[in-house]
Amino acid sequence: MKSEELLKDLNPDQIKGVIETEGPVLVLAGAGSGKTRLLTYKLAYLVKVLGIPAYSIFATTFTNKAAGEMKARAERLVGGALKGMWIGTFHSLCGRILRIEAEALGLTPEFTIYDEDDSLRLVKQIMRELKLDNFKVSPRGVASYISSLKEKLITPEEFSAIAMKGFESEIVPVYKEYQAALQRSNAVDFDDMIMYVVYLFRQNEEIHHRWASRFQYILVDEFQDTNRAQYELVKLLSAVHRNVTVVGDDDQSIYGWRGAEIRNILNFPNDFQGTKIVKLEQNYRSTRRILEVANAIVKNNSMRHEKRLWCNSEDGSLPTLNIYQNEYEEGSGIVKIISRLINDNGVSPNNIAILYRTNAQSRIFEEELRRANIPYQVVGGISFYQRSEIKDMLAYLKLIVNPKDNLSFARIVNLPPRGVGKSSIQKLEKESASRGIPIFTLCREGQLDFLPHLAQSGIKNFVSLIEELKGKKDDVYVLLKELVEKTGYIKMLEEEAEPESEERIENIYELLSSAYAFSESHPEDRSVEGYLAEVSLLTSVDQWDPDSGRVSLMTVHSAKGLEFEYVFVAGLEHGLFPLAKAEFDNELLEEERRLFYVATTRCKRGLWYSYALTRRMHGNENFCKASQFLEEIPKELLNVEGGSCDFALQYERDADFPISVNSRVLHPFFGFGRVLEIRGRGKNAIVTVLFEKFGIKKLALAFTELEIV
DNA sequence: CCTCAAGTATTTTTT
DNA sequence: ATACTTGAGG
Ligand SMILES: Nc1ncnc2c1ncn2[C@@H]1O[C@H](COP(=O)(O)OP(=O)(O)OP(=O)(O)O)[C@@H](O)[C@H]1O
């Protein structure tokens, strides 16, 4: 095929990035400059113009949804199916490699993937066993510490050699035992999926060579958010052909807290000899006003690659900043604007998004949108597949395909109740560990006379149920349906008759329809294994429907890579966005600023910022001041409504009243006390304080000198 | 072994 | 404010 026809939708810089197929290529470019489009066209170019077979291409994107879209677009360009192309998230692609190479790693292809919640349970269990219950680092902290080690490819052995600080040496045995427990359960966690592939390639030259030869072209989107393990994987996979194209924007690196390293993108040319660098400088997404604001924001970061970003689009209107009295007014104010957009301007709810820093902020918007009868969808938070009733059902499936999965066993053996309580499970765990046999095998084959009779018969029934269902694992839907019936799980929910029971029952039916949909869409492989592999690695955005005709609500993190005509960025308050934790840490602060840049650049034409003067957090009312990021935007670039545009003044005033309910205060005459209530705001506020010596007093803040202690 | 109630920690973002 | 853990009693 003639390449001109394919390349006519690209600008000259993008074309350069596409046709530069041999050797390493780094595309470093700002938001909305067409990086993803470049990659999509490059896929099509490789196949259609160069005749490269699709199966020798390995491409990663940040979400499965992005992968699906990129593949579908590339197929449209090619005019045929891209069969056998490896495209997906790092995790799903590594999962596929692991299923094939499982044995070399001491796993079987049926291995289970543990999510964050599973691995936290495991860490808790291990810490209990190691008598570290009262360890100064919480199980959660230990779990995330272990995760950060894995992201850096540090094994338990290596860690034990470098663990210096007191608490680190205590984590060593937990990490060791955690890995051993995973191995015994024939399970991996998210971090293992990448780490194991890297280890395998490093240790086994034959296997490494086989995979690295297979993939002639490697393409990576959102490269600024790769961690060290992923970077190493890219190096290893491209070792034979050396054709690797990575695209990204250091200004959009927002996953540092998850191990992402910006230096991966900044140092790429050093590690990949002969890298050709492509820069894209034209933004096609946003109007000029929005782009000006975005550029003004990111200019304040010091650790960055300076990039030019210009646009040819219309000026558009100034982004608006709305200042609301409290978070409820912010909710109703934003929803009012949204309903005007929909009803008066004929905008489809599809094209509108509300973005926020934390998931907890979504609730108020949901309530207001429901009240206004505007359809919406929330992305992220606790996802469907993380709900406990769904995880219970999935644990059954996991145990059916992987009988070694001890964690899943412990989760469901007594759900519904079968007389197998906590202490029985603990005894089983002990016995299984000391004999080196999976718990399920022990139950099937071993003598269980160390358990109460009730537990023994309960386990017997449980084992035969699992054994019976095993025969049906070629079709998830059939199996799951029978599982729901035979376990009596729904009956259990009905009987417990709690307020949420009904919703949980509905969720079970919803799971059944998801399994049905999977069976329908994968007629060649309807297996439980395939279903689990898919649902275990869904990202939050994968569960989002871009064409649902609904307003989208999500965190800024989830919105990465997406675009909307109209965007609301809410809760721009000091301590919330940026989070309080980032206040005194410049690196964290710069990441928060990049997050704000990402939020801003999602918008094509209508942008509204907002913040609330007071907000209730963990139960008490807080006075808020504007996010410092708002102050960094030149005044003439914003249209400010509902308050003074003089932030400096506001900053000052609010700094005088950082008082919240429960604050301990010192009064020049009354002495120490605790704030019970705050009425009104700013200078007009009346605070009620319970003083230690003088009891309850009402004070007008304007006339009192209260000091926070 | 199970249930209920009081007490405690907790949420920043997610594969 | 809420979710989860822990302890007493059935
Ligand atoms: N050459 C082009 N001509 C016209 N429109 C383009 C061109 N390249 C990209 N676009 C459009 O610009 C928008 C942004 O493109 P794309 O998503 O590829 O950018 P990106 O650099 O990946 O953005 P981000 O960094 O924000 O994820 C899309 O709507 C895309 O269709």
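Numbered from 1 within each chain, the chains take letters A, B, ... in sequence-line order. Everything numeric here is computed off the predicted structure, so don't read it as measured data.
- Using a 4.0 Å cut-off, some side-chain N or O of A:Asn359 falls inside it from OP1 or OP2 of B:dT14.
- Between A:Thr63 and B:dT15, a side-chain N or O to OP1/OP2 separation shorter than 4.0 Å is absent.
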Please write out the pairs of protein N or O atoms and N or O atoms of nucleotides 2-6 of chain C separated by less than 3.5 Å, giving the distance to one decimal.
{"unit_1": "C:dT5", "atom_1": "OP1", "unit_2": "A:Lys124", "atom_2": "NZ", "d": "3.3"}

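- Taking for each of A:Phe90 and A:Pro417 the nucleotide of DNA chain B with the nearest heavy atom, the 5'-most of the two is the partner of A:Pro417.
- Using modelled atom types, one finds no donor on one side chain facing an acceptor on the other under 3.5 Å when comparing A:Asn359 with A:Ser362.
- A side-chain donor-acceptor contact under 3.5 Å links A:Tyr385 and A:Ser514.
- OP1 and OP2 of B:dT15 both lie 4.0 Å or more from every side-chain N or O belonging to A:Ser92.
- Contact between the side-chain N/O atoms of A:Asn414 and the OP1/OP2 oxygens of B:dC2 is found at a separation under 4.0 Å.
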### Query
Checking side-chain contact (heavy atoms from CB on, under 4.5 Å) for the pair A:Ile354/A:Tyr376: CA distance, chi angles, key distance, verdict?
CA-CA 10 Å; A:Ile354 304 177; A:Tyr376 64 89; over 6 Å; no
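- For the P atoms, the distance linking C:dT6 with B:dT11 amounts to 15 Å, nearest Å.
- The residue A:Arg140 sits close only to the backbone: its heavy atoms come under 4.0 Å of sugar-phosphate atoms, none of a base.
- Heavy-atom nearest nucleotides on DNA chain B were determined for A:Lys581 and for A:Thr539, and the one closer to the 5' end corresponds to A:Lys581.
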